[in-house]
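Below is one structure, written out as structure tokens, with a few remarks after it.
Any value given below was found using the heavy atoms of this structure, including those in side chains, with hydrogens, waters and symmetry copies removed. A quick note: this is a predicted structure, and the numbers were derived from the prediction, not measured.
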Amino acid sequence: MTTSEAPVAPVIRPALPADVRTIRDLVEPLSQERILRPYEMVGYYEAVQEFLVAIDPADPAGSAGGTAVGCGALHVMWDDLAEVRTLAVHRDWRGRRVGHALLEALVERARTLGLRRVFCLTFEVDFFAAHGFREIDGTPVTPEVYTELLRSYDEGVAEFLDLARVKPNTLGNSRMLLEL
């Protein structure tokens, strides 16, 4: 691509079970760097309906198939709140606005679900701030909702609640919130 050519937007579509191994491969290098939390394979399959994938528009298999070059998930946490999770882009595709396209699609999914707030725990403060997220302190739920969320077995919820047992996984991350 020459410098005068604009990057071609990826095709964003819901993830399929057939995408799970590719999603894991996208996340693995970032989990080794402790940027993203890894899942066991069963966790990816259990959450596949939460994921969107970005497909190279030049891929001959197109949006119906094709190899994912990025992924991201939207995990509903409560009646008005969801978390953006596992936003990852293949190293060769960084800088082509794949992450931006995925985040915009995830936020639109939150709007479609009638949610009012989207949370993330991230090292990429500037990226999320460019999409309207702002840094926050604490956990943005009432004490009653906090108590209910404590019953979850999901490690991501434990990170959201800032529980002591997940502190080593969250050191240095910023808590950010987008009001829709």
Does the side chain of [Y] come within less than 4.5 Å of [X]'s, by heavy atoms?
X      : Y      : value
Leu177 : Val118 : no
Thr139 : Arg175 : yes
Arg91  : Pro29  : yes
Val141 : Trp78  : no
Val48  : Leu16  : no
Glu83  : Leu74  : no
Ile55  : Thr67  : no
Leu87  : Phe127 : yes

Considering non-hydrogen atoms only, spot the tightest contact between [X] and [Y] and give its length.
X      : Y      : answer
Tyr45  : Pro17  : CE2-O, 3.6 Å
Ala68  : Thr22  : O-CG2, 3.5 Å
Arg109 : Gln49  : NH1-O, 3.4 Å
Met77  : Leu149 : O-CD2, 3.5 Å
Gly99  : Val89  : N-CG2, 3.7 Å
Met176 : Ala129 : CE-N, 3.9 Å

Exercise for the section: May I ask you to say whether Arg13 pairs ionically with Asp19, meaning some side-chain N is under 4.0 Å from a carboxylate O? Expected result: yes
Atom pair [atom1] ([X]) and [atom2] ([Y]), whose distance is rounded to the nearest 0.5 Å:
X      : Y      : atom1 : atom2 : result
His131 : Leu103 : NE2   : CG    : 5.0 Å
Glu108 : Ile12  : CD    : CD1   : 13.0 Å
Cys71  : Tyr44  : SG    : OH    : 7.5 Å
Arg96  : Arg94  : CZ    : CZ    : 12.0 Å
Leu113 : Asp79  : CG    : CG    : 12.0 Å
Asp92  : Asp56  : CG    : CG    : 11.0 Å

Do the side chains of [X] and [Y] join up, straight or via other hydrophobic residues, at under 4.5 Å, putting them in one cluster?
X      : Y      : answer
Leu178 : Phe123 : no
Leu26  : Val20  : no
Ile23  : Leu102 : no
Val53  : Leu36  : yes
Val84  : Leu180 : yes

Problem - Partner residues of Arg116 under the salt bridge (charged side-chain N to carboxylate O under 4.0 Å, His left out) criterion, sequence neighbours left out - result: Asp80
Problem - Which residues share a salt bridge (charged side-chain N to carboxylate O under 4.0 Å, His left out) with Glu179, sequence neighbours left out - result: Arg134
Practice task
Could you check whether the rings of Tyr39 and Phe51 sit parallel, tilted or perpendicular, using 30° and 60° as the cut-offs?
Solution key: perpendicular
Problem - Any donor-acceptor pair under 3.5 Å from Ser31 side chain to Arg34 backbone - result: no
Exercise for the section: Would you verify whether the NZ or CZ of Arg117 falls within 45 degrees of the ring axis of Phe119 while also being under 6.0 Å from that six-membered ring's centre? Expected result: no
Exercise for the section: Inspect the surroundings of CD in Glu33 and state if more than 12 heavy atoms from other residues, nucleotides or ligands are less than 6.0 Å away. Expected result: yes
